[in-house]
Engineer: 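Pasting a structure below so you can have a look.
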Amino acid sequence: MSTTASKHPKGLYYLFLAEMWERFGYYLMIGIFFLYMTDTQSGGMGLPKDQGSDIYGTFIALVFLTPFIGGLLADRLLGYRLSITIGGVLMGLGYCGLAMPGDAFFYLSLALIVIGNGFFKANISTLLGNLYSEPQYLPKKDTGYNIFYMGINVGAFICNFVAAYLRNKYGWGFAFLAAGIGMFIGLIIFWAGNKTHRDYDIRKPAQPHDMPLWKVFGLVILPAIIVGVLSWVLIPGDVFGSDSTDAFIFGSIPIILFYVSLWARASKEDKNPIAALLSIFAVVVVFWGVFKQNGTALTTWAEYYTDRSLPEVLEKPAASLGMVQQVDAKTTTVPDFDAAFRTRTDADGKVITKEGPAPYLNNLPKEEWPQEGNSLSLISTELFQSINPFFVIALTPLVVGFFGLLRRNGKEPSTPAKMALGLFITGLSTLVMVGAVWAGDNGQFKVSSLWLVGTYFVVTLGELCLSPMGLSLVSKVSPPRLTALMMGGWFIATSIGNKLSGILASLWDTYDDKQYFFWVNFAVTVSAALALVLMLKWLRRIMEKPAI
């Protein structure tokens with residue numbers, strides 16, 4: 001490994017590629033997940049949008065809840081490399097399982113992905129942080145996480161083109177299989193670079209004031225599971241909107257209390273860093289609640305409210321690559337949408353169908369409908385999911401360079417200040433969508449795809465100021481023996497935010513005027529940014545060592 005201060009540790013590049021392929025699989029799956037669940041015409045599950053949003057939100061919430069367990073087991077028992085391997089295998093099997101028909105395979109596969117991500121996600125981020133523990137690399141830790149984060153988004157950018165090709169040409173199952181193959185490629189790369197990171201795979205035994213592993217499972221994880229199950233089964237009605245939401249929120253309480261008790265039982269030296277991290281975790285929940293609507297509310301906007309027509313010159317090349325959805329005006333069996341694209345459901349919760357033209361045409365002027373025997377060539381909806389990772393790749397060097405310039409001039413903001421800026425910018429991105437609603441007269445007419453491009457551009461700037469900075473902050477501030485556990489705490493905050501995104505998105509159909517949906521997102525995000533700004537002086541005061 002190079003010891004030149006101007007370079008990064010070699011292990012970064014193997015972890016970069018391993019994470020890139022792992023995220024290729026995850027974002028391929030998640031990019032088509034909502035579309036697959038709500039599809040009624042091409043072999044999907046035919047669920048209504050609110051039910052699809054609920055399952056989507058619950059899934060991405062659980063995916064980021066289990067790193068708490070995986071981080072704990074890696075810290076105390078398994079080590080990082082073995083945990084990452086177990087996680088990768090389980091996720092790969094889960095993606096492949098989604099290609100199998102039937103509800104049993106569907107839910108079993110989701111469970112494998114949830115458990116697998118718990119072993120993989122926090123631990124590869126922690127292992128990366130360990131590479132930067134040597135003095136010559138410590139000043140470049142933020143930059144290292146930015147580079148690592150760009151790897152995530154290279155995979156997220158590529159995958160949607162593969163997903164569009166496979167699902168348009170061969171069906172949903174082949175796309176899910178490709179996600180599994182990507183995961184296994186990532187594992188092979190991870191072990192190919194074993195010699196660059198094996199020396200940093202160090203287990204950290206519990207200290208006298210730490211809760212023993214068996215006690216954590218007995219007093220935290222088991223109660224969380226029991227409370228979640230009982231909340232699903234026994235609570236009459238829906239306290240928070242659905243059984244799954246009730247189960248998740250009530251089941252999270254024992255885990256949240258564990259982190260509070262971790263702070264309460266900590267030594268004087270550890271108490272302040274843990275308090276600071278828990279405070280930041282609470283605030284960034286809101287960021288994820290808004291950001292993760294890219295797979296639900298923004299996908300709905302892309303599917304029904306966005307002009308997805310292709311320029312004639314691009315139709316044939318795009319079609320040859322499987323990137324095109326063909327829509328004609330023939331009468332077929334379609335979902336029973338109203339003027340606002342809300343579906344009616346039967347007593348069993350299944351979408352009611354009717355005979356009519358493709359739903360995409362509902363808010364398109366009739367003179368623009370395809371003539372008999374012709375069809376419209378549309379960009380596949382999931383390709384809009386690649387806009388955000390494209391901007392991450394394109395903007396990361398600019399953001400890194402900008403903060404590097406400020407650092408050289410002694411004006412670089414603290415990591416929490418960068419995160420507050422990211423929250424505020426994320427709030428601004430929702431105002432772009434308010435403009436989109438106005439431009440389309442609240443969905444009466446389709447609007448340019450540039451509105452979505454603009455939204456993703458702004459939210460990506462916010463993301464780059466917050467998400468990689470959060471990973472770096474946890475790595476820098478956590479007590480050494482609790483790093484993976486606190487990284488798990490970061491992902492629990494992400495998990496709760498992801499569930500919040502599903503709750504917010506499930507309310508989409510309740511807003512007659514869609515601008516108010518985005519105004520609510522703006523209000524909660526900017527409020528969170530202001531809360532973090534108010535904490536900045538307190539954070540600097542209690543985080544004197546290490547300084548941020």
Side-chain angles (χ1 to χ4, degrees), residues 125 128-129 139-154 156-157 276-277 279-294 387-433 453-477 487 490-491 493-494 497-498 501 521-522 524-537 539-540 543 547-548:
S125 299
L128 175 68
K140 301 183 82 66
K141 180 173 277 191
D142 275 8
T143 303
Y145 272 100
N146 271 118
I147 294 170
F148 180 72
Y149 199 73
M150 190 165 68
I152 291 173
N153 286 277
V154 170
F157 172 72
L277 289 174
S279 300
I280 289 172
F281 292 167
V283 172
V284 299
V285 163
V286 174
F287 167 77
W288 295 113
V290 173
F291 179 78
K292 287 296 184 178
Q293 289 177 36
N294 59 342
I387 299 173
N388 167 247
F390 168 78
F391 280 135
V392 170
I393 297 164
L395 296 176
T396 290
L398 297 178
V399 172
V400 170
F402 174 70
F403 285 128
L405 178 64
L406 293 179
R407 182 169 60 250
R408 289 190 294 274
N409 290 300
K411 296 180 180 179
E412 184 181 19
S414 67
T415 304
K418 294 176 187 176
M419 295 171 71
L421 176 63
L423 271 168
F424 180 73
I425 293 172
T426 299
L428 295 181
S429 75
T430 65
L431 296 186
V432 179
M433 289 308 300
V453 172
T455 296
Y456 280 123
F457 175 82
V458 178
V459 81
T460 301
L461 288 174
E463 177 190 5
L464 289 174
C465 290
L466 188 144
S467 188
M469 296 302 100
L471 295 173
S472 178
L473 181 71
V474 174
S475 179
K476 287 191 291 188
V477 175
M487 195 68 78
W490 169 263
F491 289 115
T494 305
N498 288 348
S501 78
N521 286 339
F522 173 78
V524 296
T525 308
V526 172
S527 297
L530 291 175
L532 188 49
V533 167
L534 292 174
M535 289 194 291
L536 289 179
K537 287 185 179 179
L539 289 168
R540 293 190 189 104
M543 292 185 182
I548 60 169

Engineer: Got a second to check how far Thr430's OG1 is from Gln293's CD, nearest 0.5 Å?
Structural biologist: 9.5 Å
Engineer: Search all heavy atoms of Cys465 against all heavy atoms of Leu421 and return the closest pair with its distance.
Structural biologist: SG-CD2, 4.2 Å
Engineer: Rounded to the nearest 0.5 Å, what's the gap from OG1 on Thr455 to CG on Leu431? Could you check?
Structural biologist: 9.5 Å
Engineer: Under the ring pair (Phe, Tyr, Trp, His ring centres under 6.0 Å) test, which residues partner Phe391, sequence neighbours left out?
Structural biologist: Phe457
Engineer: Where is the tightest heavy-atom contact between Thr525 and Gly427, given as atom of each residue plus distance?
Structural biologist: CG2-N, 3.5 Å
Engineer: Enumerate, atom names and distances included, each donor-acceptor pair closer than 3.5 Å involving a side-chain atom of residues 280-291, sequence neighbours excluded.
Structural biologist:
unit_1 : atom_1 : unit_2 : atom_2 : d
Trp288 : NE1    : Thr494 : OG1    : 3.4

Engineer: What pairs with Val533 under side-chain contact (heavy atoms from CB on, under 4.5 Å), at least two apart in sequence or on another chain?
Structural biologist: Ala420
Engineer: Please find the pair of heavy atoms, one from Pro416 and one from Leu539, that lie closest to each other, and give the distance.
Structural biologist: CB-CD1, 3.7 Å
Engineer: Quick one: are Met535 and Ser279 in side-chain contact, heavy atoms under 4.5 Å?
Structural biologist: yes
Engineer: Can you run down the side-chain hydrogen bond (donor to acceptor under 3.5 Å, both in side chains) pairs that involve residues 390-401, sequence neighbours left out, and say none if there aren't any?
Structural biologist: none
Engineer: Compare every heavy atom of Ala417 with every heavy atom of Leu536, then report the nearest pair and how far apart it is.
Structural biologist: CD2-N, 3.7 Å
Engineer: Please enumerate all residues that pass side-chain contact (heavy atoms from CB on, under 4.5 Å) together with Phe424, with sequence neighbours excluded.
Structural biologist: Leu428, Val526, Ala529
Engineer: Is there a side-chain contact between Asn521 and Met433 (heavy atoms, below 4.5 Å)?
Structural biologist: no
Engineer: Taking C-beta and beyond as the side chain, do Ile425 and Leu466 meet within less than 4.5 Å on heavy atoms?
Structural biologist: no
Engineer: Within this structure, what is the CG-NZ distance for the pair Asn294 and Lys292, rounded to the nearest 0.5 Å?
Structural biologist: 6.5 Å
Engineer: Quick one: pull up CE in Met419 and OG1 in Thr426 and give me the separation to the nearest 0.5 Å.
Structural biologist: 11.0 Å
Engineer: Would you give the length of the straight line joining atom CG of Leu398 to atom CG of Leu464, rounded to the nearest 0.5 angstrom?
Structural biologist: 9.5 Å
Engineer: Rounded to the nearest 0.5 Å, what separation is found between the CG atom of Asn153 and the CD1 atom of Ile393?
Structural biologist: 6.0 Å
Engineer: Taking only residues two or more places apart in sequence or in another chain, which ones pass ring pair (Phe, Tyr, Trp, His ring centres under 6.0 Å) with Phe157?
Structural biologist: Phe161, Phe390
